[in-house]
Novice: 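Before I ask anything, here is the structure I am working with.
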Amino acid sequence: MRMPKLTAFLTATAVFASALTLAARADEVHVLNWKGYGADEPWAIAAFEKATGNKVVNDFFNSEQEMLTKLRTNPGLYDVVMINAAFNDQAMAEKLIQPIDVSKIPNYADISPDKAGSPMLARDGKVYGVPWVWGLTALAINEKSFETPPTSITEMWNEAHKGRVVIRDDAVEAVQFGAIATGQNINDIKDMEAVKAKLTSLMPQIKTFWSSENDWNQMVASNQIDIGTYWSGSADRAKTHFKLPVSLVIPREGAVAWLDAFSIPVGSKNVAGAEAFINYMIDPGFYVEWVTKVGAPVSANTKAVAALPEDAFNRKVMGDPDVAKRIQFQAPITDAQREAYLALWQEIKVNVK
């Protein structure tokens, strides 16, 4: 990246931050988020607090269901919550989040139209979620185990990798992965028996189920695994930040895509601070620093992505039109579907020793 370009972005961010200092009420901003996921980076929190006078108080969840439970049982505690867009519909229906005045969030104007226009984030003409980042659950490989990266999802079933394959312990994601492996739409699965059979046949290959980025990285660092499902941003971070022999593979059959957004819970005691925090999190200056220092998913802000070097993974690979054709964004599912997926997944997992 040419330094003048980056300097321009950071300068614009500093000017905007000064304006926020005057606009945002000095107060606490309570944020509910995944731990270690950008919004709790110490340097970012320090910069936001200095610019606005607001003190950030973080709380964390380990699943979307836990996030919803925390919103239900702690009304009025949180000012900002990060929600996978597929769960926004449920949060809206339960009146856990409130409409957002996007005119108070200047960087919202630079959100890509397809993300800003997601029907999962709006209702009755009102915005309930501000798109933040998006990414994929695809495959990642241990480069030591492959002379040439695979191109198909079927590599997971290759007996050469028996006992060296991992998959995330998440029922919805696993079933959707199985749908892709059987040539189906993840949001309109017609043949669940085919999905069940495909995932059942994968179990003899499985070493273990992972639940955190640290789990995955430790296994590849100790050369215990060859291939497995992984998040695109995490794979990029493993390679660039932790210097691990990891490469992301977006198989020709497709990958699961997700969109994360920020919402303001009902009862927020510091809406102005919440608006300032969300605006900071979608700002190009923050995003470039996050990608550079840590590694991150793809920003929903088009100017933020354009600020990256032309050969950056999140610009060159994730912005490839051919990749866009192969991904399927998660849509909301019903409680009945979620329960069915969980029951199927629990039944299948017992076959792994």
Novice: Can you tell me if NZ on K293 sees more than 12 non-hydrogen neighbours from other groups inside 6.0 Å?
Specialist: yes
Novice: Should D114 and S112 be marked as a side chain to side chain donor-acceptor pair (under 3.5 Å) after you check the CA-CA gap, both sets of side-chain angles, and the distance that decides it?
Specialist: CA-CA 6 Å; D114 63 314; S112 64; 2.9 Å; yes
Novice: Go through the steps for M203 and V350 under the test side chain to side chain contact (heavy atoms under 4.5 Å, CB included), then give the verdict.
Specialist: CA-CA 9 Å; M203 293 303 104; V350 299; over 6 Å; no
Novice: According to the interplanar angle, ranging from 0 to 90°, do the rings of W210 and W231 count as parallel (below 30°), tilted (30 to 60°) or perpendicular (above 60°)?
Specialist: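 W210 vs W231 ring planes: perpendicular.
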Novice: Any heavy-atom pair between the side chains of L121 and L259 that's under 4.5 Å?
Specialist: yes
Novice: Go through the steps to decide whether N217 and Y230 satisfy the test side chain to side chain donor-acceptor pair (under 3.5 Å), and finish with yes or no.
Specialist: CA-CA 10 Å; N217 289 346; Y230 207 20; 2.9 Å; yes
Novice: Could you tell me whether the side chain of Q90 reaches within less than 4.5 Å of the side chain of D335, counting heavy atoms only?
Specialist: yes
Novice: For A296, does its backbone N or O pair with a side-chain atom of N314 as donor and acceptor, under 3.5 Å?
Specialist: yes
Novice: So, taking the atom named NE2 in H161 and the one named CD in Q205, what distance separates them when rounded to the nearest 0.5 Å?
Specialist: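 Here the rounded value is 8.0 Å.
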Novice: Between N107 (side chain only) and N279 (backbone N and O only), is there a donor and an acceptor less than 3.5 Å apart?
Specialist: yes
Novice: Ion pair present between D320 and K316, side-chain N to carboxylate O less than 4.0 angstrom?
Specialist: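 No, D320 and K316 are not salt-bridged.
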Novice: Would you say L342 and I206 are hydrophobically clustered, going by side-chain heavy atoms of ILVMFWY under 4.5 Å?
Specialist: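 Hydrophobic grouping puts L342 apart from I206.
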Novice: Counting distance only, does the side-chain N/O of K243 pair as donor-acceptor with the main-chain N or O of T240 below 3.5 Å?
Specialist: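 Yes: the side chain of K243 pairs with the backbone of T240.
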Novice: Between S222 and Q218, which heavy-atom pair has the shortest distance, and what is it?
Specialist: OG-O, 2.9 Å
Novice: Using every non-hydrogen atom in the two residues, find where N33 and D40 come nearest and quote the distance to one decimal.
Specialist: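 Scanning both residues, the minimum pair turns out to be ND2-N, 4.3 Å.
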Novice: Do any N or O atoms from the side chain of R326 and from the backbone of A255 form a donor-acceptor pair under 3.5 angstrom?
Specialist: no
Novice: For the hydrophobic clusters of this structure (ILVMFWY residues joined by side-chain heavy atoms under 4.5 Å, transitively), does one cluster hold both F286 and V102?
Specialist: yes
Novice: Kindly work out whether a path of hydrophobic side-chain contacts (I/L/V/M/F/W/Y, heavy atoms less than 4.5 Å apart) joins V266 to M92.
Specialist: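 No, no single cluster joins them.
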Novice: Could you measure the distance from the CE atom of M156 to the CG atom of D226? Nearest 0.5 Å is fine.
Specialist: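 Between M156 CE and D226 CG, I get 11.0 Å after rounding to 0.5 Å.
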Novice: Taking only distance into account, with no hydrogens and no angle test, what donor-acceptor pairs under 3.5 Å do side-chain atoms of residues 170-182 form with protein atoms, sequence neighbours excluded?
Specialist:
from, atom 1, to, atom 2, distance (Å)
D170, OD1, V172, N, 3.3
D170, OD1, E173, N, 2.8
E173, OE1, T137, OG1, 3.1
E173, OE1, R168, NH1, 3.0
Q176, OE1, Q330, NE2, 2.8
T182, OG1, G178, O, 3.0
T182, OG1, A179, O, 3.0
T182, OG1, Q184, NE2, 3.1

Novice: Crowded around K70 NZ? As in, over 12 foreign heavy atoms under 6.0 Å?
Specialist: yes
Novice: Under 3.5 Å, side chain of T302 to main-chain N/O of D110, donor-acceptor pair present?
Specialist: yes
Novice: Would you confirm whether E253, through its side chain, and I153, through its main-chain N or O, come within 3.5 Å as a donor-acceptor pair?
Specialist: yes
Novice: State, yes or no, whether a side-chain contact exists between E289 and E41 at a heavy-atom distance under 4.5 Å.
Specialist: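 Of all side-chain heavy-atom pairs linking E41 with E289, none is under 4.5 Å.
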Novice: Among all residues two or more places apart in sequence or in another chain, which pass the salt bridge (charged side-chain N to carboxylate O under 4.0 Å, His left out) test with E339?
Specialist: none
Novice: Whether the side chain of Q98 engages the backbone of P265 through a donor-acceptor N/O pair (distance < 3.5 Å, no angle test) should be reported.
Specialist: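 A pair under 3.5 Å: yes.
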Novice: Could you measure the distance from the CG atom of L32 to the CD atom of E66? Nearest 0.5 Å is fine.
Specialist: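 Answer rounded to 0.5 Å: 8.0 Å.
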Novice: Answer yes if the ring centres of F60 and W34 are under 6.0 angstrom apart, and no otherwise.
Specialist: no
Novice: For M219 and T208: C-alpha separation, side-chain torsions, deciding distance, then whether side chain to side chain contact (heavy atoms under 4.5 Å, CB included) applies.
Specialist: CA-CA 10 Å; M219 286 186 288; T208 190; 3.5 Å; yes
Novice: Side-chain contact, heavy-atom cut-off 4.5 Å: L308 with Y287?
Specialist: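 Counting from C-beta outward, L308 and Y287 do come under 4.5 Å.
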Novice: Take M318 and W134, measure what side chain to side chain contact (heavy atoms under 4.5 Å, CB included) needs, and give me the verdict at the end.
Specialist: CA-CA 10 Å; M318 298 296 277; W134 68 274; 3.8 Å; yes
Novice: For the residue pair W132 and W290, categorise the inter-ring angle as parallel (less than 30°), tilted (30 to 60°) or perpendicular (more than 60°).
Specialist: parallel
Novice: Please round to the nearest 0.5 Å and tell me the distance separating atom CG of D59 and atom NE2 of H30.
Specialist: 10.0 Å
Novice: Taking all non-hydrogen atoms of both residues into account, name the closest pair between K115 and F329 and its distance.
Specialist: CE-CZ, 4.0 Å
Novice: Are V291 and L136 grouped together when hydrophobic residues (ILVMFWY) are joined by side-chain heavy atoms under 4.5 angstrom apart?
Specialist: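 Different clusters.
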Novice: Thinking salt bridges, do K325 and D322 make one under a 4.0 Å N-O criterion?
Specialist: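 Salt bridge flag = no for D322 with K325.
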Novice: State, with a plain yes or no, whether a side-chain heavy atom of F313 is found less than 4.5 Å away from one of K239.
Specialist: no
Novice: Check P245 against V220 and note the closest heavy-atom contact, atom names and distance.
Specialist: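 Shortest heavy-atom contact: O-CG2, 4.5 Å.
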Novice: For side chain to side chain contact (heavy atoms under 4.5 Å, CB included), just list the numbers for V31 and Y78, CA-CA rounded to whole Å, side-chain angles, deciding distance to a tenth of an Å, and then say yes or no.
Specialist: CA-CA 6 Å; V31 181; Y78 303 110; over 6 Å; no
Novice: Any heavy-atom pair between the side chains of R164 and N142 that's under 4.5 Å?
Specialist: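 They are in contact (side-chain heavy atoms under 4.5 Å apart), so the answer is yes.
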Novice: For Y108 versus I282, what's the shortest heavy-atom pair and its separation?
Specialist: N-CD1, 3.8 Å
Novice: Heavy-atom distance under 4.5 Å between the side chains of N58 and I45, does that happen here?
Specialist: yes
Novice: Applying the 4.5 Å side-chain criterion to the ILVMFWY set and letting contacts propagate, would V271 and M82 be lumped into a single cluster?
Specialist: yes
Novice: So do the side chains of Y37 and P297 get within less than 4.5 Å of each other, counting heavy atoms only?
Specialist: yes
Novice: Give the C-alpha distance, both sets of side-chain angles, the deciding distance and a yes or no for side chain to side chain donor-acceptor pair (under 3.5 Å) between N54 and N270.
Specialist: CA-CA 9 Å; N54 285 276; N270 189 4; 2.9 Å; yes
Novice: Distance from S211 atom OG to D169 atom CG, nearest 0.5 Å?
Specialist: 7.0 Å
Novice: With rounding to the nearest 0.5 angstrom, report the CD1 to CG distance, I83 to D89.
Specialist: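 Taking CD1 in I83 and CG in D89, the distance rounds to 11.0 Å.
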Novice: Under 3.5 Å, is there a donor-acceptor pair between the side chain of D79 and the main chain of K269?
Specialist: yes
Novice: Quick one: closest heavy-atom pair of L248 and L139, and the distance?
Specialist: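 Scanning both residues completely, I find the closest heavy atoms to be CD1-O, 3.3 Å.
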